[in-house]
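Note: hydrogens, waters and symmetry copies are ignored here, and every other heavy atom, side chains too, is used. Note on naming: letters A, B, ... go to the chains in the order of the sequence lines (proteins, then strands), and numbering restarts at 1 for each one.
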Protein chains: 2
Amino acid sequence: MKNVSLKDIALKVGTSISTVSLVLNGKGKKVRISDALSRKIKTVAKKEGYHPNKMAIALRTGKSNIIGLLVDNISGHFFAALAEVIEREVDHYGYKVIYCSSGNELRKGKELIRLLHQHQVDGYMIIPVAGMEKEISELEEHGKPVVLLDSYFSKTQSTHVLVDNYGGISTAVTHLIQRGYQKIAFVYNNLAMIQMKERKRAFSDTLKQAGIKTAPELILKVPLTDNRQEQVLKIKTFLDAAKPEAVLFAANYLGVQGLEAIHNLQLKIPDDIGVICFDDHELFSLHQPAITVVQQPVQELAKTAVAILMAKLGHEETTSKESAELQATFIERQSTTYKK
Amino acid sequence: MKNVSLKDIALKVGTSISTVSLVLNGKGKKVRISDALSRKIKTVAKKEGYHPNKMAIALRTGKSNIIGLLVDNISGHFFAALAEVIEREVDHYGYKVIYCSSGNELRKGKELIRLLHQHQVDGYMIIPVAGMEKEISELEEHGKPVVLLDSYFSKTQSTHVLVDNYGGISTAVTHLIQRGYQKIAFVYNNLAMIQMKERKRAFSDTLKQAGIKTAPELILKVPLTDNRQEQVLKIKTFLDAAKPEAVLFAANYLGVQGLEAIHNLQLKIPDDIGVICFDDHELFSLHQPAITVVQQPVQELAKTAVAILMAKLGHEETTSKESAELQATFIERQSTTYKK
DNA sequence: CTGAAAGCGCTTACAG
DNA sequence: CTGAAAGCGCTTACAG
């Protein structure tokens, strides 16, 4: 059973394809097609179950009304929070979203950008992977608007929306110091992108400014490519050796793994070790004790990014098309009460 | 800057569009196009950065090489686990996935099926919503293969892949009884679909078979439409009034909310109350104490569903195209040790 | 070995 | 008020 096309309708009604197209696109009034014909066309279209072929429209008009969203990990917590908002927001403008995840692999990321391009998506929202600069510039040269999420490349000037990573970590470290923690450990990963670099930089700077010297043995870089098991083990070994008074995890998944490591070590939070995490997770507020976090304004990030992209696509003239850096929210829970 | 098309290449090389198409599709050898020309075409195509327009191909061939995946909730845990596997599996066959989420709303679900249809997806994987029977039958009448996930309609014969819900719950209840729990509560939701009905049925049957009579005040149905806050409150009020020895949550998100309610009530697990949940969650294994669960074989579900869909699409003749019911895995952790 | 032509389903000037 | 025609980028018989 074939899909019904404009031609089928035209044949049934006894008119031309153009007329059917005009009517079904609501332009009947404008070109003054008779009410009788209009009604008849609409009736037949409905009865036959006509659905326009979006592929054909995209091919003809050059616009697909699809936004490509390339994230690092489609099963991650950040994506889960993001996707919902983005989907709802772009829907207001009649756009749909195609998601894909790079797994933080350059090769995969490049491939997916090409794929999205081949599918003629109108605009891109991308969590960039190191080394992707060229592909992104090419999209922009092709006239396709791009908004980078969560990170950006310092050398290129693509529009980006992200949280104030430096400020967020700085607040966290300051909080720990005020609570009386001195020997503070930092666990981050080897993502060679600005958001992680900023977090690391903020950690070192803030300690230095407080007159605390940072020992390299209090800093752990966990490779992204390790599997979960290995990562937990590395964190465990690290904490066991370094014996910090508090630990700051630079990403929520590291925090989750960190908690597992801490449980394995049978350490009590916050008595044996204070814990704070950059980026919230469902698990943290439910954990006993609940984990203090620096929360990213995910809703706001998504909304801002969509607004900018829509502005670039010619909707919503009011919105600025500039990059944005949003403030993180510090949430103190029970994992950072120093007891000594 | 325009995208480069076959025509552009043909013009540059000084040959015809057909020849370029043939060569670039690897059919050059078959129709014996000269090596010299082939090489030249390939070189120019690469230099110009040619990418085939998938829309045009889809329009022309009637195949989009896209699978539509309609889930209940794109930010849910089940989706997160599913998406990754499905994406990887269908990739082997050259397919891509478009995701959308119905939010368990019939109206939204219907709309999304229409949308996927308009985008000419070749096959569907759907977590069905009550009332969707007609739309799904229509897809099948249009010759589009469909595999239902997680549930199905008892009246229609669509292919489906799901876990043995009845068996899973039955195991859980039996376990509780063996551990000495008698007053067992059941928390489920008002999803009017087979998976939830089966879980409910299994709960009542198993208790009855053990000679324990089920009191209606030990059963709570939490409306899906309530917001999270309300749901937690309802569970809390319910547990406080019913004072069960153990509680079985019929879905992982209910378990997560249930834990919050239990913490609010200051009840100790497993001393004050035993807890078991159908469907695992990252949070459960990390929780103190870790929560006993009935785990769905998500990987296997996804793989099976993909295999069946691909078989229906004409790949992989070896695979059966029959519906499948997979066994759940019971994982005993520390939340169900009766202490009295 | 290679090219001209039709056609997928649509939109949009253009002509009448 | 309505229709014939071109063209988006591609594939695929068909002809030579």
Rounding to an integer number of Å, can you tell me how far [X] [atom1] sits from [N] [atom2]?
| X | N | atom1 | atom2 | result |
| --- | --- | --- | --- | --- |
| B:Ile9 | C:dT2 | CD1 | C1' | 17 Å |
| B:Asp35 | C:dT2 | CG | P | 10 Å |
| A:Ile33 | D:dG3 | CD1 | P | 8 Å |
| B:Leu24 | D:dG9 | CG | C1' | 13 Å |
| B:Lys40 | C:dT2 | NZ | P | 12 Å |
| B:Lys54 | D:dC8 | NZ | P | 21 Å |
| B:Lys63 | D:dG9 | NZ | P | 23 Å |
| A:Met55 | C:dG9 | CE | P | 13 Å |

Minimum side-chain heavy-atom gap B:Ile126-B:Glu135 below 4.5 Å: no

Assign [X] to base, sugar-phosphate, or nothing according to its heavy-atom contacts below 4.0 angstrom with the strands shown.
| X | result |
| --- | --- |
| B:Ser34 | sugar-phosphate |
| B:Lys29 | nothing |
| A:Ile57 | sugar-phosphate |
| B:Ile17 | base |
| B:Ser18 | base |

Residue whose nearest DNA chain C nucleotide is more 5′ - A:Thr61 or A:Lys7: A:Lys7

A:Asn53 side chain near C:dC8 phosphate (N/O to OP1/OP2, under 4.0 Å): no

Quick one: which of [options] gets closest to the side chain of [X]?
| X | options | result |
| --- | --- | --- |
| A:Pro52 | C:dC10, C:dG9, D:dT2 | C:dC10 |
| B:Thr15 | C:dG9, D:dT2, C:dG3 | C:dG3 |
| B:Val31 | D:dG9, D:dG3, C:dT2 | C:dT2 |
| B:Arg60 | C:dA6, C:dT2, C:dC1 | C:dA6 |
| A:Ser16 | D:dG3, C:dG3, C:dC10 | D:dG3 |

Mutual orientation of the aromatic rings belonging to A:His160 and A:Tyr152 [parallel < 30°, tilted 30-60°, perpendicular > 60°]: parallel

Whether B:His315 and B:Tyr95 hold their rings parallel, tilted or perpendicular, with breakpoints at 30° and 60°: perpendicular

Over all atoms of both residues, closest heavy-atom pair of A:Leu82 and A:Ala302: CD1-CB, 4.0 Å

Result of checking A:Leu112, A:Leu69, A:Ile74 against A:Ser101 for side chain to side chain contact (heavy atoms under 4.5 Å, CB included): A:Ile74

Heavy atoms from other residues, nucleotides or ligands near NZ of B:Lys29 exceed 12 (cutoff 6.0 Å): no

Pairing partner (Watson-Crick or G-U wobble, both distances under 3.5 angstrom) of C:dA15: D:dT2

Distance between C1' atoms of D:dC10 and C:dG3 (Å, rounded): 16 Å

Atom C1', compared across C:dT2 and D:dT11: separation rounded to whole Å: 16 Å

Contact nearer the 5' end of DNA chain D, comparing B:Ala56 with B:Lys27: B:Ala56

